[in-house]
Structure formats: structure tokens, C-alpha cells
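Report on the following structure.
Here the structure is a predicted model, which is why all the values come from computation and not from measurement. Each chain gets a letter, A, B and so on, in the order its sequence line appears, and its residues count up from 1.
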Protein chains: 2
Amino acid sequence: MELHQLRYFVAVVESGGFSKAAKRCFVAQPSLSQQIIKLESELGNKLFDRLGRSVVLTETGKALLPKARLILSETDNIKTGITEEVDSGAGTLSVGIIPTISPYLLPGSLKRFSESFPQAKLALNENLTEKLVEGVVNLEIDTAIMSLPIENKLIQTETLFDDPLVLALSPEHPLSEAPEIKIDDLKEIPFIALGEEQCLGEQVKNFCYEKQINPDIICRTWNLSTIQQFVSLGDGVSLVPKMFVNTDTSGICTYRNIEDQAPSRTVVAAWHKHRRPSMLAKGFTRIVKEEYDSLLKSRDI
Amino acid sequence: MELHQLRYFVAVVESGGFSKAAKRCFVAQPSLSQQIIKLESELGNKLFDRLGRSVVLTETGKALLPKARLILSETDNIKTGITEEVDSGAGTLSVGIIPTISPYLLPGSLKRFSESFPQAKLALNENLTEKLVEGVVNLEIDTAIMSLPIENKLIQTETLFDDPLVLALSPEHPLSEAPEIKIDDLKEIPFIALGEEQCLGEQVKNFCYEKQINPDIICRTWNLSTIQQFVSLGDGVSLVPKMFVNTDTSGICTYRNIEDQAPSRTVVAAWHKHRRPSMLAKGFTRIVKEEYDSLLKSRDI
DNA sequence: AGCAACCATAGGCATTACCTATAATACATA
DNA sequence: TATGTATTATAGGTAATGCCTATGGTTGCT
């Protein structure tokens with residue numbers, strides 16, 4: 001059974017004859033006849049009673065007609081249907097995101113996303129960079145929001161923004177009143193560090209190594225809120241991303257930019273090298289970028 | 001777009017690769033690849049992201065998948081679906097029937113028919129032979145129940161039964177007690193006749209002509225019940241079909257067989273010469289025949 | 001680096017849908 | 001009854017196209 005056979009069949013019904021149907025279908029009458037005969041032999045029953053002047057549907061033909069019409073309308077609408085569906089943003093986007101970004105950008109981004117793509121569904125995966133990379137490579141994750149560096153050659157990235165690291169310290173800390181803070185001020189200072197399996201922890205460590213800072217790590221924890229708590233208690237300081245600062249409404253910490261050679265982490269969207277990001281994925285990364293921009297505008301140190 | 005392309009597409013999705021899909025579809029891998037590419041170019045978008053080891057659906061592919069599955073399941077089930085539908089007797093049968101049969105056979109036949117084909121619908125058309133023939137030729141009527149002769153060459157018939165004509169007379173009529181009734185007894189007898197546009201009226205007239213009976217038509221009416229009334233009143237007699245007798249529960253008339261050369265009308269099912277009677281049509285005519293048989297058994301004169 | 005798995009491309013072959021021409025039939029008209 | 005017209009079926013050739021084998025180019029694993 002072929003689609004053109006069904007088309008011919010419906011044309012015969014609607015035009016009331018083989019010859020007329022053939023004209024309508026832009027084929028010669030014998031071609032159409034043959035295909036109808038073929039269809040009939042496949043179904044094992046005649047579809048039409050051929051009378052001299054006209055043809056009428058048999059029982060089998062009557063039963064076939066609605067089914068044929070359904071199939072044809074489905075196929076005819078398939079292209080526009082798909083286009084509409086894709087354009088409307090229906091579908092599921094699988095997103096990965098690292099824990100040191102998620103709490104600060106995700107709430108606002110999710111709101112924006114559901115407004116922009118009301119038909120879309122989102123599958124979220126908050127995890128360490130390593131796991132996210134794995135997910136992207138294994139095609140479980142469409143787009144991951146994380147920070148450089150990413151080693152895997154199968155992954156392609158697009159930079160969303162550079163997120164500066166700023167110094168977090170207690171309002172009572174001597175440096176909180178200094179006119180400006182330089183890298184040298186950080187050497188041998190008591191430091192509260194993030195676990196190194198977190199990429200942010202790794203980045204801070206590398207930054208210190210490069211700048212020949214040798215911080216005295218007095219505490220190591222696994223999330224930024226805890227760092228904030230420790231910092232507010234007294235001597236220890238830490239480096240935290242600016243997006244964290246702009247969502248901190250507690251006021252228990254003071255934050256200072258580092259003026260020279262300010263450290264930063266580069267936040268990117270990452271996807272499988274061979275996959276073209278879907279419209280939803282593009283939309284999502286754009287929204288994350290916008291969310292970050294509006295976050296920075298909302299407050300300055 | 002072709003059905004086999006959709007089949008290949010679904011096979012790729014389900015098997016997770018072109019080569020595996022090709023095996024499953026019993027074609028060479030390049031053939032399948034070509035068809036997928038063709039489908040993609042027709043839809044204007046890639047359906048799969050080809051990665052080294054595996055392929056994954058694009059957004060377009062995701063949108064196509066359920067539609068393709070729907071179309072394929074429709075087409076795969078089309079043959080069995082039609083067969084079931086036809087076999088179940090769904091559909092409409094258009095039946096024609098003459099007025100001198102309808103009141104006697106139709107009630108029972110309809111009951112039997114709806115029991116045998118609960119899904120079927122019936123379109124009834126009670127009319128004179130002439131109109132029924134017209135309807136059959138114009139394809140408005142599938143099957144007509146009428147009696148011979150039928151002149152039209154476009155019509156094919158199947159004899160259902162021979163319905164004898166019997167003498168109807170008043171219980172007080174002298175002939176009602178006669179040991180047996182012969183044709184000669186009818187010569188020059190007062191006669192109540194049916195309208196000649198009714199085929200039964202015509203048949204009776206022809207029968208009388210052939211047998212050189214010259215009835216004294218004292219009354220002419222247009223239905224058998226009226227004949228019955230007139231007969232019961234006194235002198236006049238009439239010839240009525242046996243199926244009428246067997247449904248007459250009034251008891252106001254006596255009926256006698258005519259022993260020698262008994263007249264009868266041949267009741268047939270008639271349909272367009274070039275149309276094969278549908279299962280419903282066959283079922284209906286069979287049921288009418290059965291109804292007549294059981295009617296005869298139910299009572300004898 | 002070498003190998004295995006996989007998809008794409010190229011070119012030839014075979015199937016088949018299509019075409020033209022013609023036959024066969026039904027139906028209307030003279 | 002004969003003829004013309006409209007219709008579908010048949011026959012045989014042509015062209016399109018789906019399929020095949022062989023091969024190339026990647027990817028990813030060892």
C-alpha cells in the first residue's frame with residue numbers, strides 16, 4: 001500500500017470516475033487504473049463497482065474511505081504540523097547546571113523560560129561539572145550551564161558571561177575599610193575554601209597558585225552559604241562569585257572587588273559538539289545570560 | 001513523503017542507528033540512509049544528529065516521531081480494520097420493496113435483520129416496481145424485493161420463493177364449502193381487483209387472461225386489507241397472495257387453494273447487474289426468504 | 001597507531017510507476 | 001440498428017527511483 005494509491009482512491013471517489021480522477025491527479029488514466037487495481041488486489045476486495053458511466057464504492061471501498069482520508073490529511077499536515085510544533089517550543093529540554101550557579105541564576109531563569117516557552121518542559125540536572133560533561137556526551141543532557149575549563153573534546157561551548165570573583169569578608173574585618181584591595185593583600189590571609197571537587201573551588205585554588213597567593217585555609221566547605229556564615233564570624237575571608245553577592249540579602253558579609261588582575265570564572269553553555277542546539281536550548285542559554293545581566297544591574301557593591 | 005521513509009525513520013529511532021535499522025528493514029544501509037536524507041530534505045530539517053557512535057533525534061525528529069507512528073499504525077491496520085468492519089456488517093443497506101409484500105414480510109424480516117446485523121443501518125423504500133427499478137438503476141437502492149416480471153436489462157434477479165395466489169371469499173360464499181376449487185369455478189365470478197399499477201394487480205389480470213377467465217370486476221381497490229373487507233361482505237371473491245393469508249388473523253375471510261394450475265407470483269431480490277451484492281444485501285435477502293418460509297409453516301389453510 | 005563501527009557517497013541494476021496507443025464496453029443519439 | 005462518445009482495461013515501451021555493492025571518511029575504542 002502506498003500513499004499515492006490512497007490519493008488516487010480518494011480522487012476517484014470525489015470526482016466520481018477514473019478519468020476525472022486521473023486528470024485531477026495529473027497522471028494518465030491507465031496509471032491511475034493500475035494503482036487502484038493494485039490497491040484492490042492488496043486489500044483482497046474490489047473498491048469500486050465499475051458501471052458503464054459511473055463508479056460506485058463497494059462495502060470495502062466505503063470502509064476504506066474514511067481511513068484513507070485520515071492518513072492523507074495526517075501526511076499532508078505533517079510538515080506544517082512539525083514546523084508549528086517546533087516553532088511553538090513544545091518539547092522537553094534537558095538542562096544541566098553546576099551547584100555554584102544554580103541557586104543564583106536558576107530561579108529567575110526558570111520564570112523567564114516558562115514565560116517565553118509556555119509549552120516547553122524542562123528536565124533539570126544539578127551536578128558537578130564532571131557529571132554534567134558525562135551527561136552531555138551521553139546525550140542525556142541537551143545543554144549544560146557551567147564554567148570553564150572543560151577538557152572534553154566532544155563538547156562545544158559558548159561563553160555566556162564572565163563572572164568576577166570578589167572578596168567576601170566580615171564587616172569588622174580590617175580590609176573592609178581599605179580604600180582598595182589588591183592581590184598582595186590576600187597573601188597568607190586566613191581563607192575559607194570551597195571543596196575542590198567543585199569547579200569553583202578548583203578555580204580559586206588555581207588563581208591563588210598563579211598569583212603566588214598562599215592562603216591559610218582554615219575551613220573547607222561545600223556550599224557558598226556556609227562560606228558566607230563562616231566569613232561573617234570573623235577573621236577568615238573567601239572569594240565568591242559576584243552572582244552570589246547580588247543575591248545575598250542577608251547583609252552579614254561585606255564584599256569588595258579586587259582592583260588589579262581581578263579573578264573571574266567564565267560561565268558557558270555547553271553541548272555535544274555534533275548536535276545543533278535546539279531552539280529551546282538557544283532560548284534557555286539566552287535567558288540565563290539575560291538573567292545574569294539583570295542581576296548585576298540590580299545591585300552593586 | 002512515502003510510507004517506507006516513515007518506516008525507516010521509526011526503525012532508526014527504535015534501533016538507535018542506521019545500520020541496525022537497515023538490517024531490521026531488510027535493506028542495505030545506504031538505501032535506508034538515502035531515504036532518510038530524502039525525507040529530511042523534504043521536511044527542510046535534519047531528523048537526526050549523527051554522532052560517531054549513535055544518532056539522536058533533533059527537535060524536528062522528536063516532533064515527527066509520534067505522527068509517523070500514527071500513520072504507520074493506521075496503514076498497518078487498514079486491511080484488518082476494513083475486513084472487520086465489513087464482516088461485522090457495519091454500513092447502510094438501501095432496500096426497496098413493493099407494497100404488496102412489505103406489510104407481510106417486512107416486520108419479521110426487520111427483526112431478524114437487526115438481530116443478525118446489529119451494527120447495520122437500513123434505508124427503506126416502499127414503492128411500486130417501476131420506481132424501484134429506477135432506484136436500482138440509479139444506484140439509490142442496493143437491493144429491491146419485488147416480483148417478476150422485470151423488464152430492465154440492467155437488473156439482475158435472484159428468485160426468493162414462489163408465492164401462490166389463493167382464492168379469498170366470504171365464509172358464507174357457496175364455494176367455501178366446495179370439495180375442491182378449479183379454475184373453471186372462477187369464470188364470470190364477481191371479482192374484487194387490485195389496482196393495475198400494482199404488479200400484483202397486473203399479474204392477476206394476466207393470469208385471468210391466460211386462463212380465459214373473464215371476471216366481473218365489481219370493485220377495484222389499492223390495498224389487500226380493503227380487498228379483504230369487501231370479500232367478507234358477500235358475493236365478491238379475489239385472488240390474494242398466500243403471505244397475506246398467513247398474516248391475516250381477522251378470520252373474516254376464508255381462503256382456498258386452487259387445485260389445478262394454481263397461479264403464483266415469483267418474488268425476487270433485484271440489484272444492478274454490475275454490482276456485486278454486499279454481504280448485508282445477501283443477508284437481507286436470505287432473511288426475507290427465511291421469513292417467508294417460517295410464515296408458511298406457521299399456518300395452513 | 002591501528003582497528004572496528006558507523007554513516008555518506010558513487011555508480012550500476014532492477015523494479016515499477018508512468019506514458020501512449022489501443023481495445024473493450026456501456027450508453028446516448030440518430 | 002448503427003454510430004459516436006465516454007469510460008475503463010490492456011499492452012508494451014520508457015523513465016524515474018529505490019536498492020545494491022563498493023568505497024570513502026569519521027569517530028571512538030584498544
message: Closer than 3.5 angstrom, by distance alone: can the side chain of B:Ser15 be matched with the main-chain N or O of B:Gly17 as a donor-acceptor pair?
response: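 Looks like yes, one N/O pair under 3.5 Å.
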
Mind calculating the distance between [atom1] ([X]) and [atom2] ([N]) to the nearest angstrom?
{"X": "B:Leu32", "N": "D:dC20", "atom1": "CG", "atom2": "P", "value": "10 Å"}
{"X": "B:Lys20", "N": "C:dA5", "atom1": "NZ", "atom2": "P", "value": "11 Å"}
{"X": "B:Met1", "N": "D:dT17", "atom1": "CE", "atom2": "P", "value": "16 Å"}
{"X": "B:Gln35", "N": "C:dC7", "atom1": "CD", "atom2": "P", "value": "16 Å"}
{"X": "B:His272", "N": "C:dA26", "atom1": "NE2", "atom2": "P", "value": "11 Å"}
{"X": "A:Phe48", "N": "D:dT7", "atom1": "CZ", "atom2": "P", "value": "15 Å"}
{"X": "B:Glu2", "N": "C:dT16", "atom1": "CD", "atom2": "P", "value": "14 Å"}
{"X": "B:Ile36", "N": "C:dT9", "atom1": "CD1", "atom2": "P", "value": "14 Å"}

Salt-bridge present ([X], [Y]; N to O < 4.0 Å):
{"X": "A:Asp76", "Y": "A:Arg7", "value": "yes"}
{"X": "A:Lys79", "Y": "B:Glu42", "value": "no"}
{"X": "B:Arg69", "Y": "B:Glu14", "value": "yes"}
{"X": "B:Glu74", "Y": "B:Lys67", "value": "no"}

task: For A:Tyr8, answer base if it contacts any base atom (sugar-phosphate contacts may also be present), sugar-phosphate if it contacts only those atoms, and nothing otherwise; contact means non-hydrogen atoms under 4.0 Å.
output: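 It contacts sugar-phosphate atoms only.
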
message: For A:Phe48, give me all partners under ring-ring contact (aromatic ring centres under 6.0 Å, His included), at least two apart in sequence or on another chain.
response: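 With neighbours one apart ignored, the set is A:Phe9, A:Phe18.
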
query: With no hydrogens and no angle check, do the side chains of B:Ser116 and B:Arg286 hold a donor and an acceptor under 3.5 Å apart?
result: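 Per modelled atom types, B:Ser116 and B:Arg286 side chains form no pair under 3.5 Å.
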
- prompt: With respect to the phosphate group of D:dT7, does any side-chain polar atom (N or O) of A:Ser19 fall under 4.0 Å of OP1 or OP2?
  reply: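 No, because none of the side-chain N or O atoms of A:Ser19 sits under 4.0 Å from OP1 or OP2 of D:dT7.
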
message: Can you work out whether B:Ser31 or B:Lys23 has the more 5'-proximal nearest nucleotide on DNA chain C?
response: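 This one resolves to B:Lys23.
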
Could you go over nucleotides 9-11 of chain D and give all protein N or O partners under 3.5 Å, atom names and distances?
residue : atom : partner : partner atom : Å
D:dA9   : OP1  : A:Arg50 : NE           : 2.7
D:dA9   : OP1  : A:Arg50 : NH2          : 3.2
D:dA9   : OP2  : A:Ser33 : OG           : 3.1
D:dA9   : N7   : A:Gln29 : NE2          : 3.0
D:dA9   : N6   : A:Gln29 : OE1          : 3.2

